[in-house]
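Just so it is clear, the values below take in all heavy atoms, side chains as well, and ignore hydrogens, waters and symmetry mates.
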Amino acid sequence: MKPLIQILGLGMSKMGFVAYKSLFCWFLLTSSFFILSWLAVLRSTGHSHSVAFSILPNSRLLRFSENSNLDESVGKRANWDNNLGKCGSNVPMLRVFMYDLPSEFHFDLLGWKGDGENDVWPNIRVKVPDYPGGLNLQHSIEYWLTLDLLSSEFAENSIGRSAVRVHNSSEADVVFVPFFSSLCYNRFSKLRPGQKRSTNVVLQEKLVKFLTAQDEWKRSGGKDHIIVAHHPNSLLDARMELWPAIFVLSDLGRYPPTIANVEKDVIAPYRHVTESYVDDLSGFDTRPTLLYFQGAIYRKDGGIIRQELYYMLKNETDVHFSFGTYQKDGARQTSKGMRSSKFCLNIAGDTPSSNRLFDAIASHCVPVIISDEIELPNEDILDYSEFCVLVSTSDALKQSFLLNLTRNIGREEWTRMWKRLREIEHMYEYEYPSKENDAVQMIWQAVSRKVSGIRWRIHRSRRFSRTSAHRGRAVISGSVPRNFG
């Protein structure tokens with residue numbers, strides 16, 4: 001009896017093992033079939049995620065090399081950032097369509113008159129119209145950009161160039177509007193005999209009417225247009241109509257964030273008024289003044305801090321803090337004072353920015369920036385803490401804070417900042433002909449970095465373009481944004 005039970009037990013264990021093995025094989029088979037089925041479904045219904053860059057407009061700004069990978073592209077970008085002095089040849093050329101605006105919007109404002117009735121542009125091969133001197137120069141940015149585009153058609157001016165003019169707007173990355181808005185404000189904002197409205201106001205109205213009637217504006221709603229309004233009060237009447245465009249500004253102090261902001265617009269440096277310090281042989285010990293400031297002391301808005309700092313610092317023996325202007329001999333005196341100072345104060349005035357920062361850079365005087373709302377040119381690729389000292393307003397107003405801070409910066413640290421100033425000073429130089437990585441080319445490069453954002457905004461605005469309600473509104477884009485104010 002016992003052997004029979006053992007035999008039966010052995011047979012049952014073998015059967016259980018076989019059943020278990022069969023069940024396991026069935027599970028593997030069904031699981032594999034399930035996975036393969038889902039893969040087939042996904043493959044048959046999915047869309048290809050590859051991008052045909054050749055069909056994208058002006059896709060050279062978006063395209064990676066077919067033989068390169070993302071890591072290589074990121075590496076190249078890092079190399080571009082670390083070698084700004086050599087980046088001109090590696091940066092894609094920005095293609096710019098410039099309107100042939102009537103000369104009343106630009107060179108006529110300089111007193112230029114063409115030989116023919118329909119002449120729009122001066123022959124800059126023969127004679128470049130002069131720009132007014134003095135403080136007019138600090139906001140002359142549209143003048144230099146316009147000259148650069150005109151000269152981009154000369155073969156001999158191709159070296160170090162970041163932008164080139166094209167005559168077919170469909171080939172362009174951006175559209176440039178050659179309106180000398182800052183000069184128009186400075187010279188023509190007051191009523192002249194026989195005028196009921198100033199030339200500045202009339203030209204802005206004409207500009208809005210012209211732009212909004214153009215196919216280029218209608219096609220993008222103005223989002224790919226570049227308009228320079230560097231003087232804080234320039235384009236004051238038209239900015240509410242032209243806000244979709246990219247503005248080239250000195251700061252954002254007099255703009256609500258829905259009209260101008262750092263994501264949409266470009267901050268450009270002032271054209272410095274003091275002369276460039278070409279043969280600078282100075283050093284830490286040959287600059288006896290610790291802190292230098294000369295300018296308007298009593299200002300409104302955020303500029304009240306100037307007055308408070310004046311009373312805190314005026315009696316310090318190694319500090320120069322006095323009232324002054326650039327008129328008469330003022331520019332020369334300022335240049336001399338900055339060149340003999342270790343640090344130059346750049347304090348908020350009526351607006352967050354001032355030309356004083358760029359005068360200090362040109363003079364190789366380490367800037368001390370006290371302006372909480374300031375926006376700095378090319379800060380996405382430049383670390384200003386390498387050649388500037390940035391101080392919050394609240395800290396600057398603490399007793400002895402500025403003096404202790406600057407006195408504790410020794411020869412080695414100051415010299416390192418001074419050398420960095422000399423390395424980057426060319427990025428703040430406006431000149432004609434423009435040179436590689438000077439202020440003009442850096443502005444074009446900043447615009448280039450906005451192109452992908454421009455395309456994104458244009459494409460988003462077309463999402464519902466097929467519906468009749470949206471098409472009725474079209475893309476005029478002249479109305480104030482809904483969250484304005």
Spacing of [X] atom [atom1] and [Y] atom [atom2] [to the nearest 0.5 Å]:
{"X": "Asp173", "Y": "Met93", "atom1": "CG", "atom2": "CE", "result": "11.0 Å"}
{"X": "Arg420", "Y": "Ser385", "atom1": "CZ", "atom2": "OG", "result": "10.0 Å"}
{"X": "Cys388", "Y": "Leu357", "atom1": "SG", "atom2": "CG", "result": "6.0 Å"}
{"X": "Arg254", "Y": "Leu249", "atom1": "CZ", "atom2": "CG", "result": "12.5 Å"}
{"X": "Leu390", "Y": "Ile370", "atom1": "CG", "atom2": "CD1", "result": "10.0 Å"}
{"X": "His139", "Y": "Tyr185", "atom1": "NE2", "atom2": "OH", "result": "9.5 Å"}

If you measure only the distance, is there a donor-acceptor pair under 3.5 Å linking the side chains of [X] and [Y]?
{"X": "Asn378", "Y": "Gln445", "value": "no"}
{"X": "Ser152", "Y": "Arg165", "value": "no"}
{"X": "Tyr277", "Y": "Arg339", "value": "no"}
{"X": "Glu429", "Y": "His272", "value": "yes"}

Is it the case that over 12 heavy atoms from other parts of the model lie below 6.0 angstrom from the [atom1] atom of [X]?
{"X": "Glu423", "atom1": "CD", "value": "yes"}
{"X": "Lys314", "atom1": "NZ", "value": "yes"}
{"X": "Glu308", "atom1": "CD", "value": "yes"}

Q.
By the definition side-chain contact (heavy atoms from CB on, under 4.5 Å), identify the one residue from Leu109, Leu137, Leu110, Asp148 that meets it with Tyr143.
A.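 Going through Leu109, Leu137, Leu110, Asp148 one by one, the side-chain contact (heavy atoms from CB on, under 4.5 Å) with Tyr143 is satisfied by Leu110 alone.
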
When the ring centroid of [X] is compared with that of [Y], is the distance short of 6.0 Å?
{"X": "Trp121", "Y": "His106", "value": "yes"}
{"X": "Phe107", "Y": "Phe180", "value": "yes"}
{"X": "Tyr99", "Y": "Phe97", "value": "yes"}

Are the side chain of [X] and the backbone of [Y] linked by a donor-acceptor contact shorter than 3.5 Å?
{"X": "Ser181", "Y": "Val228", "answer": "yes"}
{"X": "Ser400", "Y": "Leu403", "answer": "no"}
{"X": "Gln195", "Y": "Arg192", "answer": "yes"}
{"X": "Lys450", "Y": "Glu263", "answer": "yes"}
{"X": "Thr351", "Y": "Ser353", "answer": "yes"}
{"X": "Ser182", "Y": "His231", "answer": "yes"}
{"X": "Gln204", "Y": "Asp237", "answer": "yes"}
{"X": "Arg187", "Y": "Pro132", "answer": "no"}
{"X": "Arg287", "Y": "Met338", "answer": "yes"}
{"X": "Lys206", "Y": "Phe105", "answer": "no"}

Q: Hey, can you tell me if Trp418 and His364 have their rings parallel, tilted or perpendicular (30° and 60° cut-offs)?
A: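 Rings of Trp418 and His364: perpendicular, as their planes differ by over 60°.
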
Q: Fit a plane to each ring of Trp444 and Phe176, take the angle between them on a 0 to 90° scale, and name the class: parallel (under 30°), tilted (30 to 60°) or perpendicular (over 60°).
A: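 Trp444 and Phe176: perpendicular rings.
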
Within-4.5 Å side-chain heavy-atom neighbours: [X] and [Y]:
{"X": "Leu402", "Y": "Leu309", "value": "yes"}
{"X": "Leu382", "Y": "Leu376", "value": "no"}
{"X": "Glu104", "Y": "Thr199", "value": "no"}
{"X": "Arg449", "Y": "Asp380", "value": "yes"}
{"X": "Pro433", "Y": "Ser151", "value": "no"}
{"X": "Ile361", "Y": "Pro367", "value": "yes"}
{"X": "Phe321", "Y": "Met312", "value": "no"}
{"X": "Ser250", "Y": "Pro232", "value": "yes"}

**Q.** Full working for side-chain contact (heavy atoms from CB on, under 4.5 Å) between His426 and Asp438
**A.** CA-CA 5 Å; His426 64 279; Asp438 66 3; 5.5 Å; no

So which atom in [X] and which in [Y] form the shortest heavy-atom distance, rounded to 0.1 Å?
{"X": "Ser335", "Y": "Ser363", "value": "O-OG, 4.5 Å"}
{"X": "Cys365", "Y": "Ser341", "value": "SG-O, 3.5 Å"}
{"X": "Glu216", "Y": "Ser169", "value": "OE2-OG, 3.0 Å"}
{"X": "Tyr311", "Y": "Gln307", "value": "CD1-O, 3.1 Å"}
{"X": "Ser354", "Y": "Asn346", "value": "OG-OD1, 3.0 Å"}
{"X": "Arg239", "Y": "Ser234", "value": "NH2-O, 2.8 Å"}

Q | side-chain contact (heavy atoms from CB on, under 4.5 Å) between Asn355 and Leu135, worked out | A | CA-CA 9 Å; Asn355 189 54; Leu135 287 177; 5.6 Å; no

Q | NZ/NE/NH1/NH2 to OD/OE distance under 4.0 Å, Arg219 and Asp224 | A |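 No, Arg219 and Asp224 are not salt-bridged.
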
Q: Give a yes or no on whether a salt bridge exists between Asp359 and Arg356, defined as a side-chain N under 4.0 angstrom from a carboxylate O.
A: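 No.
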
Q. When you look at Leu207 and Leu242, which way does the side-chain contact (heavy atoms from CB on, under 4.5 Å) test go after all the steps?
A. CA-CA 10 Å; Leu207 183 68; Leu242 304 178; 4.1 Å; yes

Q.
Assess the residue pair Ser434 and Gln441 against the criterion (side chain to side chain donor-acceptor pair (under 3.5 Å)); give the C-alpha distance rounded to whole Å, side-chain angles, the decisive distance to 0.1 Å, and a yes or no.
A. CA-CA 7 Å; Ser434 177; Gln441 301 308 318; 2.9 Å; yes

(Q) Before you tell me yes or no, could you show the steps for Phe387 and Tyr384 under ring-ring contact (aromatic ring centres under 6.0 Å, His included), namely the whole-Å CA-CA distance, both residues' side-chain angles and the distance that decides it to 0.1 Å? (A) CA-CA 6 Å; Phe387 53 92; Tyr384 275 76; 4.9 Å; yes

Q: Please step through side-chain contact (heavy atoms from CB on, under 4.5 Å) for the pair Tyr131 and Asn136, ending with a clear verdict.
A: CA-CA 8 Å; Tyr131 199 90; Asn136 290 289; 4.2 Å; yes

Q. Can the positive tip of Arg306 be found less than 6.0 Å from the middle of the six-membered ring of Phe293, inside 45° of the ring normal?
A.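 So Arg306 doesn't make the cation-pi contact.
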
